[in-house]
Each structure stands twice: as structure tokens, then as C-alpha cells.
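Numbers for residues simply follow the sequence, beginning at 1. Read the numbers this way: they start at 1 and go in the same order the structure lists the ligands and their atoms. All figures in this text were calculated on a predicted structure; none of them were measured in a lab.
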Amino acid sequence: MCGIVGYVGGQQAAPLLLEGLTRLEHRGYDSAGVAVLSGSGIRVAKRQGRVRDLADRLPRRFGGKVGIGHTRWATHGSASDTNAHPHTDASGDVAVVHNGIIDNAAELRQRLTDDGVDLVSDTDTEVIAHLVARSDGDTLEARVSDALAEIDGTYGLAVVHASFPDRIVVARNGSPLIIGVGEREMHVASDLAALVRYTTTVAHLDDGEMATVTASGFTTYKQDLTSSTHKGTTTIDVDPDAYDAAPPDPWGHESYMHKEIREQPDAAERVLRGRLDERFGTAHLGGLNMDARETRAIRRVKVLGCGSAYYVGQMGAGLVEELARIPADAEAASEFRYRNPIIEPDTLYVAVSQSGETIDTLLAVQEIRRKGGRVIGLVNVVGSAIARECDGGIYLHAGPEVAVASTKALTNMYLGFALLALQLGRVRDLSIADGKRLIAGLTRLPDQIGEILAGEDALAGIATRVAEAESLFFVGRVRGFPVAREGAQKFKEISYRHAEAYQTSELKHGPLALISPDVPTVAVVPHDELTDRNVAALHEIAARGGPLVVATHEDVDLSGLDGVVRIDVPRNEVELDPILLTLPLQLLAYHAARHLGHDIDKPRNLAKSVTVE
Ligand code: F6R
């Protein structure tokens with residue numbers, strides 16, 4: 001997590017660094033800082049709070065054409081001015097910004113303290129500055145390499161040194177680091193968002209790589225300096241405007257989350273474009289890199305993702321199992337590799353990630369590949385670590401997602417699964433008629449998403465009522481259960497209310513004890529083969545005084561349930577219902593959080609792109 005920026009060129013670095021940090025703030029926002037190199041050495045400004053607090057209080061004379069900056073999500077040490085990055089050595093000649101976690105930080109801190117070094121922060125990063133300063137290498141590269149040789153852990157880092165004022169040295173091990181090539185100037189960032197205003201020509205560092213970045217170019221080499229790695233650049237196809245701040249919404253409130261919710265009809269159309277084959281009732285997914293014979297040989301599908309990507313993975317596994325009749329399930333990627341999983345050659349592993357940088361998912365992919373398994377990625381960010389690590393995949397084309405709470409990427413993940421299920425199904429027993437039926441359903445989806453979004457006013461009204469509850473249940477069955485999980489996730493992460501997801505069928509086995517007039521239940525009740533069972537459970541909740549909000553279809557009969565609030569979504573094919581039922585729950589969470597006055601795009605304690613384990 002955390003964001004890194006760096007600049008070396010002909011312009012003043014500080015304003016560029018601050019601008020870049022603003023664009024990375026979704027990665028961590030408890031403190032921020034910059035260091036610039038000038039003729040008189042390194043100057044550092046850092047403070048707890050947002051980038052704008054730092055910008056407001058930046059010393060007037062803060063000139064320099066080389067610099068690094070950081071926006072932090074605390075791992076070691078609380079959010080404070082002192083723990084903010086950049087960190088320096090005692091002389092102030094070295095400044096370091098770092099993403100990741102140094103596993104042997106305690107041991108290194110002890111060693112440095114025993115040697116008389118006065119550590120001023122509680123962070124793991126500070127040790128890097130001291131290790132670089134203590135190295136007797138002739139070059140900054142040698143000094144950074146020496147320091148890294150002592151470190152166990154993950155890092156993306158950038159280092160400047162007063163004695164080597166023309167350069168930034170960067171390194172990567174498990175945490176992204178991108179170099180942006182400009183006209184006689186170079187940029188460094190942990191995320192494309194900070195670069196795209198200036199350049200779309202980039203080079204991604206790989207794990208174990210270092211680079212020297214000067215105004216005239218960059219060179220890459222192995223971290224032990226034994227050889228050059230001759231890295232080329234790629235031009236990324238992105239629209240820089242897509243990273244701009246959200247326009248004010250009809251409620252006069254600015255937020256990326258709202259913008260991203262509203263973008264879903266267009267985003268959904270993009271992920272489907274050119275991939276539906278109506279003639280054969282199937283999908284074309286060239287990026288999977290599998291021919292029909294290999295596709296047929298798959299005996300099991302295992303989906304891996306974290307947080308919302310895991311929940312949509314559960315929806316996706318259901319879809320694959322239902323359409324392709326291949327056993328499929330989803331598992332939290334963060335747990336997967338710690339149980340020494342059995343990797344089977346005829347299982348297709350699917351890694352799901354918006355950012356493509358989530359370290360837990362990336363490590364799961366690496367574990368599978370190390371054991372010889374085949375992994376494909378459902379990833380939004382093109383060229384990201386997970387996308388590069390996989391054997392093939394489906395890009396999601398949702399466009400940049402900035403709000404911490406994932407919305408449009410999640411919808412496109414679901415659609416990515418629908419495409420995958422179609423392709424897997426059609427080389428098996430899914431009939432051409434069913435394939436065509438689903439394609440027709442998918443084609444209707446973008447407009448239906450628009451229809452749901454058009455009901456936002458009513459949803460905002462419902463949200464303000466449920467927002468008053470300290471605790472809520474979200475319930476659903478089978479296809480509806482992951483919808484409930486995702487609904488609860490979205491609600492808790494931005495409203496800070498306790499929202500617990502349960503299978504509707506399991507309520508009577510325990511949690512029903514918690515139902516009361518103070519605990520609303522948001523129930524997912526599609527028109528499907530389980531409607532009657534679901535409605536019976538609603539009556540059990542109502543009989544105990546539990547208020548009910550029900551995401552459902554118009555033709556589901558909820559009569560006899562006093563005070564029930566219904567949210568009707570348009571019907572599609574039953575297999576595609578989950579995504580349409582998910583949409584109102586996004587708006588419910590958004591408006592509850594807005595009603596409670598929370599910072600919607602930057603919820604407390606969280607960050608986008610979780611690049612620490
Ligand atoms: C929730 C949310 C997170 C992410 C999770 C995985 O709204 O955004 O739970 O889904 O951290 O992130 P990615 O998809 O980038 O791997």
C-alpha cells in the first residue's frame with residue numbers, strides 16, 4: 001500500500017511530487033512527505049494527515065529538481081509526523097521512501113541501536129536510510145545494494161543521496177515500482193495514476209531489480225549489481241483524463257466512488273465488447289492462451305482473490321459450475337498458500353484482482369506456478385504484477401478505479417466470469433441455445449445496470465434509514481449468498497457499521513438470536529427456485545421484529561411482511577441475477593456513508609491496492 005513518487009529533470013520537483021501524491025492518496029492517507037535535493041543538500045517536509053495538509057505547510061523555499069515523495073498507510077508505528085516518509089539517516093544525507101514490510105526490521109533496529117545509531121521513528125523503513133548511509137560503497141547503487149542485502153521482506157523503494165545529486169536509485173521486491181520516461185526528465189511511481197499526466201512510456205521493475213534514474217534516462221540491473229537487465233519501455237494505452245477528480249454529482253458531493261458506480265453501464269459494455277460470439281453462443285477470449293482441447297481437459301476451477309474480489313470470485317465460481325458443469329469454488333487468496341495447497345494439473349486456477357498488485361493474490365499465483373499449475377488472471381490494471389505473472393487472462397477494461405471501495409471493477413469481474421463460463425461451457429455440455437440465451441442476457445445487462453442506477457434517489461432514502469442502525473445482517477442463499485457478502489463488505493468498509501453476511505438458511509441455526517427491531521436485515525431474494533424458502537425466512541425475521549430491506553424482483557410476492565422495504569431490480573437470466581442484485585447494495589452503502597458524513601473514497605484504516613501481506 002502507500003504511494004511512492006519521484007522526479008528528476010529540469011523542473012521544480014516539489015509541485016510535481018505533491019501532484020503525484022494527490023493522485024496516489026487512495027493508496028494510503030495517514031501521512032505524507034517529500035524530500036528534494038538542492039545545492040545545499042536534502043530538505044524534507046512531512047506530516048501526519050492528507051497531502052493537502054502537507055502542501056499547505058510546505059516551506060516557501062523548497063527548491064530542487066530531484067526529489068521523492070510518499071503517502072503512507074501505517075504498518076510499523078502509528079500515523080505521526082515522525083513516522084511519515086521520507087526517512088533519513090542521522091546526517092540527513094540519505095532520504096528513503098518505501099512501500100512494503102521489512103521482516104527483519106526489529107533485528108536491524110537492535111543492531112543499529114547497539115552500534116549507537118539514534119533511531120527517531122518506529123518504522124521499519126528508517127533502517128534502510130541508516131544502512132545506505134553506513135555502506136562504504138563508491139556509488140549510490142552499491143550502497144543501496146549493500147543495504148538491500150541485509151534486508152528480508154518486501155519493498156518498492158526510492159533513495160536519494162546528497163553526494164549523488166543527479167539521481168534516484170529505486171528497487172523492487174514484491175511492491176510495484178514504475179519508471180516513467182519523459183522529455184529530458186524522468187518520473188518514478190508505485191502506480192500509473194501518478195505518471196499518466198506526464199508520460200505513458202513506462203518500464204515496470206521486476207522483483208530483484210534495481211534502477212538508476214537520471215534526467216537523461218534509466219538503467220536497470222540485478223540487485224546484487226552482477227549484471228544489467230536491459231529493460232525496455234512500453235507505451236500504455238490509457239486516457240489520462242480518466243484519472244481526474246470526479247465531477248460534482250447531483251447531490252453536490254464529489255467522490256470517485258459515486259463516479260465509478262455511475263460509470264458501470266459503460267464499463268460493462270467495454271468488457272463484453274468483441275468477446276461475444278452470437279452465432280455459436282459462446283465467448284472469444286484469446287487472452288486465455290488455451291485451445292479447445294486444453295479447455296476441455298479442465299476438471300476443476302479454483303478462484304482466488306481477496307476481499308470483494310474473493311466474493312465476486314465466489315459468484316463467478318457458481319456461474320462456472322452452473323454453466324460449464326465443472327466443479328468450481330473460490331478461496332481467499334490470503335489463506336491459500338499457507339495451507340500447502342495441492343495443485344492439480346487439470347485444475348484451472350483463476351486469480352481475480354482489480355489492481356493486479358494485491359500481494360496475497362500475487363503470492364498465491366506464484367505458489368501455483370511454482371508447483372506447475374496453470375493460472376489465468378481476471379485483472380483490471382494492464383501490465384500489473386498479477387497480469388504479468390499469469391499464463392493468460394481476461395482484462396476487465398473497467399477503466400481506472402480510484403475509490404478504495406471497488407464497484408465497477410467488481411461488476412466487470414463478474415462479467416469476466418460470465419464470459420469464461422460461456423467459453424468453458426460451450427466446449428462441454430452447455431447447449432448452443434443456452435449459450436445464445438446467456439449472450440442475449442449479457443447484452444441486456446448494461447441498460448439494466450443503468451435502470452438500477454436511475455433509482456438512486458429512492459435508494460438514498462432507504463440508506464439514510466438503515467445507516468442509523470449500529471448493526472445489520474445481509475443475507476442470501478446460493479447465488480444470493482456472495483451478493484450478501486459483497487453487500488455487507490461494501491456497507492461496513494465505508495459506513496463503519498457492523499454488517500454481517502449470512503446464508504439465509506443458516507439464520508435459524510444461531511444468528512436469529514440477534515434479530516431485533518434495532519437490527520435490520522438486507523435480504524437478497526431473486527425470483528428463482530429458492531424464492532419460497534427465502535420468503536419463509538423473511539417471515540421468521542419479521543416475526544421477531546427485525547426490519548427488512550429486500551433486494552428482489554418485481555414479481556416476488558412479499559405481501560404479509562409489514563413494513564418491508566423492497567428494492568426491485570430488473571430480471572435477467574437467473575444465472576446473471578447476482579450482479580444486478582449487487583448494484584443497489586453499492587448505492588445503499590454509498591448513501592449510508594454519505595449520510596454519516598464519512599470520507600467515502602478514503603475510508604478509515606484502509607487503502608487501495610494492498611501490497612503488504
Ligand atoms: C472492497 C475492496 C477490497 C478489494 C481487495 C482486493 O471494496 O475494494 O476488498 O477488493 O483488497 O483488491 P484487488 O482487487 O485490487 O486485488
Salt bridge flag under 4.0 Å for residues Asp206 and Arg172: no
Row check, Tyr496 ring normal vs Arg604 NZ/CZ: under 6.0 Å, within 45°: yes
Salt-bridge present (Glu322, Arg479; N to O < 4.0 Å): yes
Other residues, nucleotides, ligands: >12 heavy atoms within 6.0 Å of Glu335 CD: no
Glu401 with Lys408: basic N within carboxylate O range, under 4.0 Å: no
Ion pair check, Arg369 and Asp391, cut-off under 4.0 Å: yes
Close-range residues for ligand 1, whose non-hydrogen atoms fall below the 4.0 Å threshold: Cys306, Gly307, Ser308, Ala309, Ser353, Gln354, Ser355, Thr358, Val404, Ala405, Ser406, Met413, Gln489, Lys490, Glu493
